[in-house]
Amino acid sequence: MKITEIFKQQKRTFSFEFFPPKDEISALDFGINIGKLINLEPSFVTVTYGAGGSTQERTFAIVDYLHNKIGLTCMAHYTCVNASKEKITKDISYLSDIGIENLMLLRGDPPQGMKGIRLNPEGFNHASDLISFVNKLGDFCIGAATYPEKHLEAKSLKEDIENLKIKINAGADFLVTQLFFINDLYFNFIELTEKHGINCRIIPGIIPITNYNQIKKFVQLTGAVIPEEIISQIEPYQDNTEKTYQIGLDFAIRQCRDLLNRGAPGIHFYTLNKSRAAVEIFESITYEIKKSRI
Ligand code: FAD
């Protein structure tokens, strides 16, 4: 089913993002965690492509399995960095053949030191170009990425939103945000996008801080700001994994509840292939989730 069809039935969606496991042990772990998360009846799940060095073929194998064997509504991420139009056409037609109707279309990140270079002369520089191209290949529901604190390469939030408008005009049906921790930034961003005529769903992407050093790395990569309040709570306990987990979880529960109470159209969880935090957040916001599904 297309995610846009789900939007017609669900005022808010609750979705999970996974990445393809790298080896046999991670695959086992992935299976156990997916089993637990499926019980929560997510609106849809997504699988990343090539992120953090994961292999691209595994994305296709995982979406095939989740869609065709488990029966989940599944969105395959796909990036155009360094891909030719020929490769893109082949990959997208493969995904279509295995029944995938939902695509998260992204530019991806060029290898370090090669920023701003069109890596494949037969390819595309921007996600918007990929979206226009794929829209001509078939009838897909298309998601795209967005950045409430602006993309690191953009000179200003205004410039980034103007570029986002190009992505919407190219045919993106909805947007998922990069991780963030300050809800006011998200709601200010929504106000600005509406002023620019962007009216599609912009689903907040949330990551619970369960491992401080790992999150610090993500923050460096994305430019997202961690509130002082949470840094000062976690730093004294950064070597105490259980205490860090509890502080991060409490923060994420408050963040999700506040997002939903202020009208966000659901939550997209960056699960990092772990189920514990997502399950515990879900259980804590059951009331808000049930209200959304009526
Ligand atoms: P774009 O939309 O192309 O934007 C990149 C930059 O170019 C921005 O600064 C933008 O302002 C500018 N820009 C955009 N269009 C134009 C234009 N027409 N003219 C001039 N400038 C323009 N990475 C992976 O490798 N695999 C994944 O599976 C993956 N999944 C992700 C999922 C989500 C929800 C998010 C938020 C990110 C994900 N990423 C993933 C990371 C993403 O690939 C990077 O953030 C990448 O740097 C930008 O991708 P984009 O699609 O937003 O690019």
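In listed order, ligands and their atoms are each counted from 1. The first residue of the sequence shown is numbered 1, and numbering continues consecutively from there.
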Quiz item: Out of Leu105, Thr46, Leu130, Leu106, whose heavy atom is nearest to atom 29 (C) of ligand 1?
Solution: Leu106

Quiz item: Do Thr146 and ligand 1 have an N or O pair less than 3.5 Å apart?
Solution: no

Quiz item: Are the ring centres of His67 and Tyr65 closer than 6.0 Å?
Solution: no

Quiz item: When the ring centroid of Phe16 is compared with that of Phe282, is the distance short of 6.0 Å?
Solution: yes

Practice problem: Check Gln10 against Ser43 and note the closest heavy-atom contact, atom names and distance. | Solution: OE1-OG, 2.7 Å

Exercise. Return yes if a side-chain donor-acceptor contact under 3.5 Å exists between Asp23 and Ser26, otherwise no.
Key: yes

Exercise. Please check if any side-chain donor atom of Asn199 sits under 3.5 Å from a side-chain acceptor atom of Glu194, or the reverse.
Key: no

Quiz prompt | Whether over 12 other heavy atoms sit under 6.0 Å from Tyr237 OH | solution = no

Quiz prompt | Contacting atoms of ligand 1, where contact means under 4.0 angstrom from a heavy atom of Ala154 | solution = 9 (O)

Self-check item: SB check Arg254 Asp258 (cutoff 4.0 Å)
Solution: no

Quiz item: Lys167 to ligand 1: N or O pair under 3.5 Å?
Solution: yes

Quiz item: Does Gly50, backbone or side chain, put an N or O under 3.5 Å from an N or O of ligand 1?
Solution: no

Quiz item: Should Tyr147 be listed as contacting ligand 1, given a heavy-atom distance under 4.0 Å as the test?
Solution: yes

Quiz item: Between Phe181 and Phe251, what is the ring plane arrangement, given parallel below 30°, perpendicular above 60°, and tilted in between?
Solution: tilted

Practice problem: Consider every N or O of Thr177 and every N or O of ligand 1, then say whether any pair is closer than 3.5 Å. | Solution: no

Exercise. Just let me know how Thr79 lines up against ligand 1, side chain, backbone, both or neither, with a heavy-atom cut-off below 4.0 Å.
Key: side chain

Exercise. Tell me, please: is Phe124 in heavy-atom contact with ligand 1, that is, under 4.0 Å?
Key: no

Self-check item: Asn33 side chain to Asn273 side chain, donor-acceptor N/O pair below 3.5 angstrom
Solution: no

Quiz item: Based purely on interatomic distance, does Met104 place a nitrogen or oxygen under 3.5 Å from a nitrogen or oxygen of ligand 1?
Solution: no

Quiz item: Looking at ligand 1, does any of its N/O atoms fall within less than 3.5 Å of an N/O of Asn163?
Solution: yes

Self-check item: Ligand-residue contact atoms, ligand 1 with Gln178, heavy atoms, under 4.0 Å
Solution: 36 (C)

Exercise. Select the closest option to atom 17 (C) of ligand 1 among Met75, His126, Lys150, Glu159, judged by heavy-atom distance.
Key: His126

Practice problem: Answer yes or no: does an N/O atom from Asp160 fall short of 3.5 Å to an N/O atom of ligand 1? | Solution: yes

Quiz item: Against heavy atoms of Ala145, which atoms of ligand 1 measure under 4.0 Å?
Solution: 33 (C), 35 (C), 36 (C), 37 (C), 52 (O)

Practice problem: Kindly confirm or rule out an N or O of Asp109 lying under 3.5 angstrom from an N or O of ligand 1. | Solution: yes

Quiz item: Just by modelled atom types, is the Gln255 backbone N or O under 3.5 Å from a matching donor or acceptor in the Asn183 side chain?
Solution: yes

Quiz item: Out of curiosity, Ile161 CD1 to Lys150 NZ, how far, rounded to the nearest 0.5 Å?
Solution: 11.5 Å

Quiz item: Heavy atom under 4.0 Å from ligand 1: found in Val176's side chain, backbone, both, or neither?
Solution: both

Self-check item: Within-cut-off N or O pair, Glu153 and ligand 1, under 3.5 Å
Solution: no

Exercise. Could you tell me whether His151 approaches ligand 1 through its side chain, its backbone, both or neither, with non-hydrogen atoms closer than 4.0 Å?
Key: side chain

Practice problem: Check ligand 1 against Ile166 and write out every atom of the ligand that is under 4.0 Å from a heavy-atom position of the residue. | Solution: 18 (N)

Quiz prompt | Residue Gly108 vicinity, atoms of ligand 1 by number, heavy atom under 4.0 Å | solution = 43 (O), 46 (C), 47 (O), 49 (O)

Quiz item: For ligand 1, which atoms sit closer than 4.0 Å to a heavy atom of Thr48?
Solution: 28 (O)

Quiz item: Does an N or O anywhere in His77 fall below 3.5 Å from an N or O of ligand 1?
Solution: yes

Exercise. Determine whether the side chains of Tyr78 and Gln56 contain a donor N or O and an acceptor N or O closer than 3.5 Å.
Key: no

Exercise. Check step by step if side chain to side chain donor-acceptor pair (under 3.5 Å) holds for Thr48 and His77.
Key: CA-CA 5 Å; Thr48 65; His77 292 212; 5.6 Å; no

Practice problem: Return yes when Ser128 approaches ligand 1 closer than 4.0 angstrom through a heavy atom, no otherwise. | Solution: yes

Quiz item: Does atom CD of Glu162 have more than 12 heavy-atom neighbours from other groups under 6.0 Å away?
Solution: yes

